[in-house]
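Below, chain A is the first sequence line, B the second, and so on; all start at residue 1. Computed from a prediction, not measured in an experiment: that's the story for all the values here. Only this structure's heavy atoms are used, side chains among them; waters, hydrogens and symmetry mates stay out.
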2 protein chains.
Amino acid sequence: MEQAKITERGRLTRQRIIEATGEQILASGIGGTTLDTVRAATLTSKSQLFHYFPGGKNELVSEVAAWEGRQLLDAQEPEIHDLGSWESWERWRAGLVHYYIARGRWACPIGSLATQAAMTDPELESTIAASMRAWRDMLADGVRKLQQANTVDATADPQRIATVILAAIQGGLILSQPERSAWPLEAALDNALAPLHLVSTSRTP
Amino acid sequence: MEQAKITERGRLTRQRIIEATGEQILASGIGGTTLDTVRAATLTSKSQLFHYFPGGKNELVSEVAAWEGRQLLDAQEPEIHDLGSWESWERWRAGLVHYYIARGRWACPIGSLATQAAMTDPELESTIAASMRAWRDMLADGVRKLQQANTVDATADPQRIATVILAAIQGGLILSQPERSAWPLEAALDNALAPLHLVSTSRTP
DNA sequence: TCTTCATTGGACTTCATGGTCCATTCCTAC
DNA sequence: GTAGGAATGGACCATGAAGTCCAATGAAGA
C-alpha cells in the first residue's frame, strides 16, 4: 500500500479519531456512531475524516476494529505470552476481568463488533475473525504448556479448550451487561478454566 | 391497555409482519432492517405498518423481541420444564443445538438483539433482559431438581450454574459464526454442563 | 342494500447522515 | 521569506429511511 505523506501532527489527529470512534462504537454501536458525533468529539472537520480515511465510515470502522484488537491483546500482556503455570493463568484472568471492569461497559470491543458487523461488512468480519483466531491461538499455546508440564490431560484438544474459554468470556460479558456486575463474566470464566487445574487440591471459595 | 378493534385478517397480517421482521433482523441486524424491506417482504403498505404498530419501528422491534423470546422458550419444550435427570438435560441440549442449526444462522434471536439494542433502546433492553431472566430461572429450576435428586452438589448456586450455561450458549454462538459450524457452541455448552453430571462414570467421547 | 369501520395502497414530507468540494491556514524545506 | 504540500474548516449535495396523510377497498352486520 502506497503510504500518503503524513506528518506527526496528522498521525496524532488520525489516532485521535480512531480512539474517539472506538469509544462511541463501544457505547452506542456502529449504527449509533455518526461521522458528525465523531467530528464533534474530536474537534475535527468532515474533510479531515475523509482525508485520513478515504474509504469513509467503513474504512474508519475497520481501522477501529484492528486497533481495538491490538489493544485487547496488549492489555493481556505479559501473561498472555506466559500461561505456563496455573498461577500465570490466574494472573491473566484477573488482569482481563480488570480490563473489562475498567472500561466501564460490559462489552468486548471485539465480540460486540463481531455480532454487529457479521452480516453488514464481510471485510470487517474477516478482520474481526482474524483477531479472534489470534487470541484463541495464544490461549491454546498456554494450554499446551500446561499439558507439557503434565498438569492438564494431554489428550484434550488445546484449540477446543481455548474456544470454550473465549466463549465464556464473550457470553459472560453479554450476561454481565444487564446485571451491571462482573459476576456472570467471572462465573463463566472460572467454569471454563476449571479443566486447567483439576490437579489443584483446593478451589478458592 | 385498550385493545383496538382487530379482525382475524388483521391479526394474521400483523403476525406476518412480526415474523418477517424477525427474519430480517436475524439476517441483517436492526440497522439493516428497514420498513421498506419489511413492506416488500410482507406485501403490505407503509400505512399498514403504522396501523398495526403505531409506535413505528421501535414498537415493531419490541414486539419482535417479545415474540422471539416466546419462540425460543417454546422450542425448548417439553424438556425445559423437566430437566429432572441428566438424560433430560441431554435431550434438552440436543434440541437446543438442533434449533440453532435449523435456523441456519449462528445467532441467538435474544442474545444478538441484546448486544444490538443494549444502548439504543432502554425499553427494549428491559424486554430482552426479562426474557433472559425467565430462561435462566427455568434452567436454575432444573439444576435444583438435580440437587434434590442428589446427583449434583447441593451447595452449588443454581442461579450461578444457570448463568454459566447461558453464557456458554451465547458465547458459543458468537464463535460458531465464523466457523460456520456448531462445534464451538457444542464445546462451550458441554463444558458448562459438566458440573451437572460429575457422578456419571463415563463421558461421551 | 346500505352503513360503518377495519384494512389497504401509495404518494408525499421531513430529516438525519454519509459523502463532496473548495477555500484557507499551518508547517517545513529551500 | 516564500513556495508547496499537508492539514483544516465548513458549506453544500445526494440519498435513504422514518413517518404522515388521505383516499380507496373490503367485509360484516343492521
Undergrad: State which of D:dA6, C:dT17, D:dG19 makes the closest approach to the side chain of A:Thr34.
TA: C:dT17
Undergrad: Check the distance between C:dC21's P and A:His51's NE2 and give it to me in whole angstrom.
TA: 16 Å
Undergrad: Round to a whole Å and report the spacing from OH of B:Tyr52 to C1' of C:dT8.
TA: 8 Å
Undergrad: Give a yes or no on whether B:Gln71 atom CD has more than 12 heavy-atom contacts from other residues, nucleotides or ligands under 6.0 Å away.
TA: yes
Undergrad: Quick one: do the B:Thr37 and B:Gln24 side chains pair a donor with an acceptor below 3.5 Å?
TA: yes
Undergrad: Think B:Thr13 has a side-chain N or O under 4.0 angstrom from the OP1 or OP2 of C:dT8?
TA: yes
Undergrad: Hey, is the side chain of B:Lys46 pairing donor to acceptor with the base of D:dG19 inside 3.5 Å?
TA: yes
Undergrad: Counting only side-chain heavy atoms from C-beta out, which of D:dG10, C:dT7, D:dA18 sits nearest to B:Ile6?
TA: C:dT7
Undergrad: What's A:Phe53 touching, base or sugar-phosphate or nothing? Going by heavy atoms closer than 4.0 Å.
TA: nothing
Undergrad: Just N and O in the side chain of B:Gln48: are any of them under 4.0 Å from OP1 or OP2 of C:dT8?
TA: yes
Undergrad: Going by atom types only, do B:Ser45 and B:Gln48 share a side-chain donor-acceptor pair under 3.5 Å?
TA: yes
Undergrad: To the nearest Å, how far apart are B:Lys5 NZ and C:dA6 P?
TA: 6 Å
Undergrad: Do the two ring centres, one from A:Trp89 and one from A:Trp86, sit under 6.0 Å apart?
TA: no
Undergrad: Report the distance from atom CG of B:Leu60 to atom C1' of D:dG19, rounded to the nearest whole Å.
TA: 14 Å
Undergrad: To the nearest angstrom, how far is B:Asp36 atom CG from C:dA11 atom C1'?
TA: 12 Å
Undergrad: For B:Ser47, answer base if it contacts any base atom (sugar-phosphate contacts may also be present), sugar-phosphate if it contacts only those atoms, and nothing otherwise; contact means non-hydrogen atoms under 4.0 Å.
TA: base
Undergrad: In whole angstrom, give the distance that lies between atom CZ of A:Arg9 and atom P of C:dT25.
TA: 13 Å
Undergrad: Rounding to an integer number of Å, can you tell me how far A:Leu49 CG sits from C:dT20 P?
TA: 12 Å
Undergrad: Whole angstroms only, please: what is the CG-C1' distance between A:Leu35 and D:dG10?
TA: 15 Å
Undergrad: Could you tell me whether B:Glu77 atom CD has more than 12 heavy atoms of other residues or ligands within 6.0 Å of it?
TA: yes
Undergrad: Taking the side chain of A:Phe50 as heavy atoms from C-beta outward, which of C:dG18, D:dA18, C:dT7 is closest to it?
TA: C:dG18
Undergrad: Within the structure shown, what part of the strands sits under 4.0 Å from A:Thr33 by heavy-atom distance: base, sugar-phosphate, or nothing?
TA: sugar-phosphate
